[in-house]
2 protein chains.
Amino acid sequence: MVDRISDGEHAVMDVLWDEAPLTAAEVAERIDPARGWSDRTVKTMLARLLAKGALAHEEDGRRYLYRPLVARADYAARESRKLIDRLFGGRAAPLVAHLAEQDQLSPQDIAEIEALLKALKP
Amino acid sequence: MVDRISDGEHAVMDVLWDEAPLTAAEVAERIDPARGWSDRTVKTMLARLLAKGALAHEEDGRRYLYRPLVARADYAARESRKLIDRLFGGRAAPLVAHLAEQDQLSPQDIAEIEALLKALKP
DNA sequence: TCCCTCCGATTACAGATGTAGTCTTATATG
DNA sequence: CATATAAGACTACATCTGTAATCGGAGGGA
């Protein structure tokens, strides 16, 4: 049911992934001010996310409390897979290789990833 | 100038990243048949990619030869960075951690990445 | 020479997206 | 009690995308 979360919708999900449930007004307060959104825009995003099943809402007096229905990790997994499929032939290693070539890995990143991989090995 | 390459446009870029220059008809032949596109659709994509500066074309008699202006690696870098910024707080290590947790790394991936990282270290 | 065909250019049109504005209704306040 | 507000519901509208169809001109065959 949750087809695709657009970039704008993602900003709303981000807020609710950090803290939920929240009212529409509370979500609007927490949206990255850099977007310069009016609260109407936030309400539109909430309505669209509800319609596509990414959020649930429960009544709280005469307003709603919104809560995510998709987990951030699930969404991240889907998006990562799409990127890897589209750009790296479906395999993760070329993505890491790519990041490495582009110097997008700090020494700290490298250390962390090595530790991770070590832990993964049988 | 190359703002965003949509999913459909990406299918066309993929063909031209593999082989260029090509005529519109040649691109159409090479598009993944799974898309079921008419050649009109391919022409539309070519026109849009031209307009947004992702392709160049040169005349060849009464038709054009198209070639990419953005490199696949550059595009991959931009898209990877966007994903990492949006979903992983701008750091690559959590992405790899995430792939690991989701069992999206095969033993071969792990071996390859380890070798890569080893080579990166001073 | 005249028409058919193949190409690019232009136009179409519905659904998604960004970005709100207006309508309706149920409280809260004077 | 009457009315101003504030929430959600519905509507708006331009742009981007997917997916073509149509128009107009240049070459090639009859």
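Numbers restart at 1 for each chain; the letters A, B, ... are given by sequence-line order, proteins then strands. What you see below is based on every heavy atom in this structure, not just the backbone, and it leaves out hydrogens, waters and symmetry mates. These numbers were taken from a predicted model, which means no experiment stands behind them.
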- Nearest-Å distance, CZ (B:R63) to P (C:dT5)? 18 Å
- Each nucleotide of nucleotides 17-30 of chain C classed B (base within 4.0 Å of a protein heavy atom), S (only sugar-phosphate) or -, in 5' to 3' order, makes BBBBBB----S---
Decide yes or no for [X] and [Y]: does some side-chain heavy atom of the first lie under 4.5 Å from some side-chain heavy atom of the second?
| X | Y | value |
| --- | --- | --- |
| B:F88 | B:R91 | no |
| B:H57 | B:R67 | no |
| B:L99 | B:L105 | yes |
| B:L95 | A:L95 | yes |
| A:P21 | A:Y64 | no |
| A:W37 | A:V42 | yes |
| B:P68 | B:W17 | yes |

- Would you mind classifying the nucleic acid contact of A:A24 as base, sugar-phosphate or nothing, using non-hydrogen atoms under 4.0 angstrom? sugar-phosphate
- Query: If you walk 5' to 3' along DNA chain D, what is the first nucleotide with an atom under 4.0 Å of a heavy atom in chain A, and what is the last?
  - Reply: D:dA6 to D:dA12
- Message: Checking side-chain contact (heavy atoms from CB on, under 4.5 Å) between B:D14 and each of B:E9, B:R30, B:R72, which is the one that passes?
- Response: B:R72
